[in-house]
Structures are given as structure tokens and as C-alpha cells.
**Q** 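Quick one: structure below, then a few questions.
All residue numbers in this chain count up from 1 along the given sequence. Remember, it's 1-based here, ligands and their atoms both numbered in the order they're listed. When reading the values below, keep in mind they use all heavy atoms of this one structure, side chains included, and skip hydrogens, waters and symmetry mates. No experiment lies behind these values; they were computed from the predicted model shown.
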Amino acid sequence: MGGGLALHRKTRTPQADFLVIGSGVAGLRAAIELSRQGRVLMLTKGHPLESSSSYAQGGVAVAMSEEDDVAVHLTDTLTAGHGLCRPEAVRVLVEEGPDRIQELIGWGAQFDKIGGKFAFAKEAAHSRSRILRARGDATGNEMVRVLMAEARRHKEIQRLDHHFTVDLVITDGTCTGALVLDEASRTRTVIPASAVLLTTGGAGQVYARTTNPPSATGDGIAMALRAGAVLEDMEFVQFHPTALYLPSSPPFLLSEAIRGEGGRLRNIKGELFMHRYHAGGPLAPRDIVARAIWSEMASTRSRHVYLDVTHLSATFIKRRFPTIYSTCLRYDIDITEEWIPVSPSAHYLMGGVWTDTSGATSLPGLFAAGEVACSGVHGANRLASNSLLEGLVFGARSALAAISFASQSRRPAPPLLSARDLDAGPLCVLNDAEKLRSSLRRLMWGKVGLVRTGDSLAAATAQLSRWERIVARPFSTRRDLEVKNMIGVARCITTAALWRENSVGAHYRADFPEAKRSGWRQHSRLEREDLLMASERDTIPRSQAGSRRLKGLAE
Ligand code: FAD
Ligand code: SIN
């Protein structure tokens, strides 16, 4: 923290006991829980409905059908995670999930039914039909609608939209608030709080192709790292196999539920190919389908494969996938008559800010839930539709842990600081921010994507180190701050991917294709110093050096 402490009495600083950064499923569920114990301030950059939660299609996995059992959901999740889940976290997820969903139904959530009973769908790597959905393919939208309505009923919750969190405020090693930028007025304020909850979502935007909304720039991960928190498993990025591939469209997601209903994958020659890669065919685990598509694209020298639902009834498709049907039609593809061009896209970050099963991070006063967190439920590969459930379960849990922390008397008092007290120098403008953002996204796609090698990762590290120097300044606008955060997160993904010299789950090293080499069960853990050392020396972390710098911690 720079500068002397200035009392901050004249400006109207928003007051709250708890700060929740982000308003997706995790943030909303946390805020509702926190509001039972104090005043809650929810900060959202941009529009409150721009979140991955709002765009979630396939549904929410929960062991509630007659044919299902939490023990089977547990096993499926552990299997998909390739031995790198933390079993106690998965147990919490699957056991508390049904109660969280019942609660949501009590608040008004309308999940689709057939014949008066909930319709449970099938998705890849689930051994039971257990995915609840809403309005066919608008599950996230329905969950956010209900959570927002419930949050509005609690007068202790105040929302500040279009407020970008720049950094966390740390006092004597404890998180005591956040530095926040009002995007409209461009003024910056320090907001103190007894506990801070990070629910800022993922970082798909660091890749050129992503299903994620533009807001998914990894801010929470970058600011937690700067504040001194530990990150875990950053090498594990899930690529969704089927995003729309059209030069004129963003990579709009074509839900896995389409394959769950019988959708087929064909290469550019029209051949069905998945049976050659896995007994599960198009419903093989997500990492296997994504790499199979990658391999077909390479062998046929094409930029996409096709998803084919033309053999299904048109009436069924329009009713079951209304959003997908109408979105593709907007791009002149009638999916009931034509094959859909698709290719993989960055979709979900399994790694993130390390938390225990209560949602506590390694920094006192800071809690995290949802995609920003690495709670241990996903391991090396997330089971489809587990993350909306994770947001509900761990959103609520992290709130309870924050309440308990705030009730302790021996934590430092929230700071009376102005934004200026935190500045390390004058605020700057980043030249060519858009160009840098797009170069970064292409670099990550090309060198740190679905298939990585030591050489590609080393080249990416060298470039990222150069860019890190360019952005090592305080910036004044959301756009510039996001680029800085994206470079920071990209660096973490790349460093962890270089360190992990085996191929497991979503992390595939062409130079180390074996799954089980010595130490493969370790988790990569990163702290600020791990990256500082590398950039100070301006060396490419070699695998040996990397494994000393990164802490590979056993489960
Ligand atoms: P998000 O919902 O992403 O919310 C993040 C919030 O943080 C936003 O409000 C954002 O504005 C805010 N924020 C970020 N940075 C800042 C900052 N600096 N300052 C202030 N606010 C900030 N999962 C499933 O389980 N089932 C599905 O069917 C499914 N489908 C998906 C489809 C798509 C297209 C995508 C992209 C993801 C899908 N997922 C699905 C994954 C799932 O939606 C997400 O992992 C989950 O919703 C993340 O929730 P969250 O609350 O952690 O974050
Ligand atoms: C999908 O609908 O395919 C996305 C589901 C998920 O990512 O969990």
C-alpha cells in the first residue's frame, strides 16, 4: 500500500459488512445467505446479466431422480476428474446439492417436467440421467432470475452494477475491503468490509475462441494472486467440444445435451468418427471428444467438424433446444435441416483461487466460490453441469464461513483509506490495449490450448514476460485493467502447464502423453513470488526449475 493513511470521511463510501464481488449464481447465493447476518454489497462489472451463469444451457446436475444416488454422482465426478478431485469437496457438492436445488425450487425455479415429473437429461460421462433443465436450454437464465428475485426480497442486499473491482485491500495480512472503479464516473473508492467474497467467474477470454461472455477475464484470480492468495491447478482449462464455427459468429455454445439427445459428430467428409476414439462415442468425456475433434480437423485439414441432429424430429429440436435453434437460425443455419459447423472452444477453468471446503482462501478475510475458486470438486476435468450446482453449494458455504470469520473479534479493523492511498504512482493509459488483448488471445489459443508442448509453452512464457513488463503499471480504465489481469492469468496457466509434465484430463502435453508419471497426483500451487522470480530473471522456467518453484502438493 503506498502513501500515508488518509481519513475518508467526506465522500459517501458505500457501507457494508460483507462485500460480494460478482453476481452470477455463486455471488447471488452467497449474498442471500450473508444478508441474514449483516449488510451486503454486491459489486458487478458491467451489466448484472452478463455472466456465464446467465448463459448456462445444458442444466444442473443433481442426484434427485429415482434411478440416481449421491454415491453414483460422487463416483462419476471423481472419475471425470481423473484422480485429481479432492474427494471431501466432491462429497460436499453431491450431498448438499439436492437441498440447494430444493431450496431454489421453493424460491420459484421452474425446471422442465415430463408427465408431472422432473425431466432428467443425460450428458457426457454421467452414468445416470441427472441433469435438470429449464425452458429446454435456458437453465442458467432461470436460476439467475430466481436468485435475483430472492436477493431483491432481502433489503440488506445492495447492488452496485457497472462497478469494477480493481484490487483487494490487505491490512496486516488480512483482506479488509476492495478498491472499486465506478465505470461511469471513473472515480475509484475503497470499500471496507468485515469479509470479502470473490465470485468473479472464469477466464475464458484469455483464449481466442471461448464460449464465455466478454466479462470472463479472470479478474478475481489476478487480484487474489496480487493480494498474496494461493492458486491451484491453473493448467486445467476445459475446452468444450462443440461451439459454433462460423467466420461471422462468436463461438456460441452448442450444448452437450444435444449429443445427450442423440446428436452425432461427423468430420468434414461426413464420416461419423467418435466410435474410433472412445466406446462412449459422442458422449465420451469432454476432454476426449474435444481432442478427437481436434485430431479429425488436423487429419482432414479443416477448421471444423459437424454436429448433426437432422435425424431427430424438427418439432422435438425446436421444443428441446429453443435458444440454440433460434440462435443458429439467426446465422442462417436451420439445424433441423443442416449439419452445424462446430469446433472446440475454451469453456471452463478448473483451477483458480485455492479454497478449503468452507470456501476460505489462504488469505484471512477472503473467501471464494464458483468458477473463480479451485474448491477441488473438478480435478483435471469437470463433469458437465456440475458448476451451477457448485455455485449454489459453495456460494452458501463460503457465506457461512465469512459470517463466522466476521464474528471473530481479533481481526484488523477495516481500513479508512482513500483510493489514492493505494496508488503506486499516477494512473496510466495502455496504448493499443485492443491489439494487445487480441494478440494475447491468439497466443494462448496457439501455444497453450488443447494440445501443448514444452516448446510452445516456453515460447508463450517468453512473450508473456515481455507483455507483463508493459502492463506493470496502475491503469485507470476497466478495459486496460482487464488486459493486465488477462496477461496475469495467462501467465499462471502457462507456468502451471509447463510444470505439469504428463497428460491428464484437460491438460494434454504432446511431449509427455503418458497419464501417470511419477508425481502425477500432485496439484500445482502458485503464489505471486513464483511468477516474480521467473520474470525477474527473464528465464523460461525449465521443467526442473519449474517444479522447484511451483509447489506440487499432494492431495
Ligand atoms: P459468473 O456467472 O461468470 O459470474 C461472474 C460475475 O463476476 C459476473 O457478475 C461478473 O460481472 C463479475 N465480475 C467479474 N470480474 C469482476 C470485477 N473485476 N469486478 C466486479 N465484478 C466482476 N455449467 C453448468 O453447470 N451447466 C451448464 O449448463 C453450463 N453451461 C454453460 C454454458 C456457457 C455458454 C458457459 C460460458 C458456461 C456454462 N457452464 C455451465 C459453466 C457455468 O455457467 C459457470 O461455471 C458458472 O455459472 C460460473 O458461475 P459464477 O457465479 O462463478 O461466475
Ligand atoms: C453444455 O450445455 O454443454 C455445458 C454444460 C457445462 O459446461 O456444464
**Q** Thr211 to ligand 1: N or O pair under 3.5 Å?
**A**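 No, there is no polar N/O contact under 3.5 Å.
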**Q** I'd like to know if Thr139 contacts ligand 1, where contact means a heavy-atom distance under 4.0 Å to any ligand atom.
**A**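 In this structure, Thr139 fails to qualify as a contact of ligand 1 - no heavy atom is under 4.0 Å.
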**Q** Please confirm whether Val60 approaches ligand 1 to less than 4.0 Å, judged on its heavy atoms.
**A**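 The answer is no, since Val60 has no heavy atom less than 4.0 Å from ligand 1.
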**Q** Name the closest protein heavy atom to atom 53 (O) of ligand 1, giving the residue it belongs to and the distance to 0.1 Å.
**A**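 So the nearest neighbour among protein heavy atoms is Gly201 CA, 3.3 Å.
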**Q** Holding to side chain to side chain contact (heavy atoms under 4.5 Å, CB included), I want the full list of residues that pass it with Tyr508, two or more places apart in sequence or in another chain.
**A**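 Listed in chain order: Arg291, Val451, Ser503, Ala510, Pro513.
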**Q** Identify, with sequence neighbours excluded, every residue that meets side-chain hydrogen bond (donor to acceptor under 3.5 Å, both in side chains) alongside His278.
**A**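 Expected list: none.
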**Q** What are the atoms of ligand 1, with element, lying closer than 4.0 Å to any heavy atom of Asn212?
**A**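 Result: 36 (C).
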**Q** For Ser385, is the nearest heavy atom under 4.0 Å from an atom of ligand 1?
**A**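 Yes.
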**Q** Does His347 come within less than 4.0 Å of ligand 1, judged by its heavy atoms?
**A**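 Contact check His347 vs ligand 1: positive.
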**Q** Among Ala56, Gly58, Gly59, which one puts a heavy atom closest to atom 26 (N) of ligand 1?
**A**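 Shortest heavy-atom distance from atom 26 (N) of ligand 1: Gly59.
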**Q** Take Tyr348 and Phe239, measure what ring pair (Phe, Tyr, Trp, His ring centres under 6.0 Å) needs, and give me the verdict at the end.
**A** CA-CA 7 Å; Tyr348 186 88; Phe239 293 84; over 10 Å; no
**Q** Applying a heavy-atom distance cut-off of 4.0 Å, which protein residues contact ligand 2?
**A**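 Within 4.0 Å of ligand 2, the protein residues are Gly58, His240, Leu253, Ser255, Glu256, Arg286, His347, Arg382, Ala384, Ser385.
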**Q** So is there a nitrogen or oxygen of Gly202 less than 3.5 Å from a nitrogen or oxygen in ligand 1?
**A**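 No: no nitrogen or oxygen of Gly202 is under 3.5 Å from one in ligand 1.
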**Q** Are any of the heavy atoms in Gln238 under 4.0 Å away from ligand 1?
**A**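 No, that is not the case, since the closest heavy atom of the residue is not under 4.0 Å from the ligand.
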**Q** Can you pull out every ring pair (Phe, Tyr, Trp, His ring centres under 6.0 Å) where at least one residue sits in residues 126-150? Sequence neighbours excluded, please.
**A**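 The answer is none; no pair qualifies.
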**Q** For ligand 1, is there an atom lying under 4.0 Å from some heavy atom of Gly46?
**A**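 No, Gly46 has no heavy atom closer than 4.0 Å to ligand 1.
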**Q** Should we count CZ of Arg186 as having more than 12 external heavy atoms under 6.0 Å?
**A**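 Result for CZ/Arg186: open.
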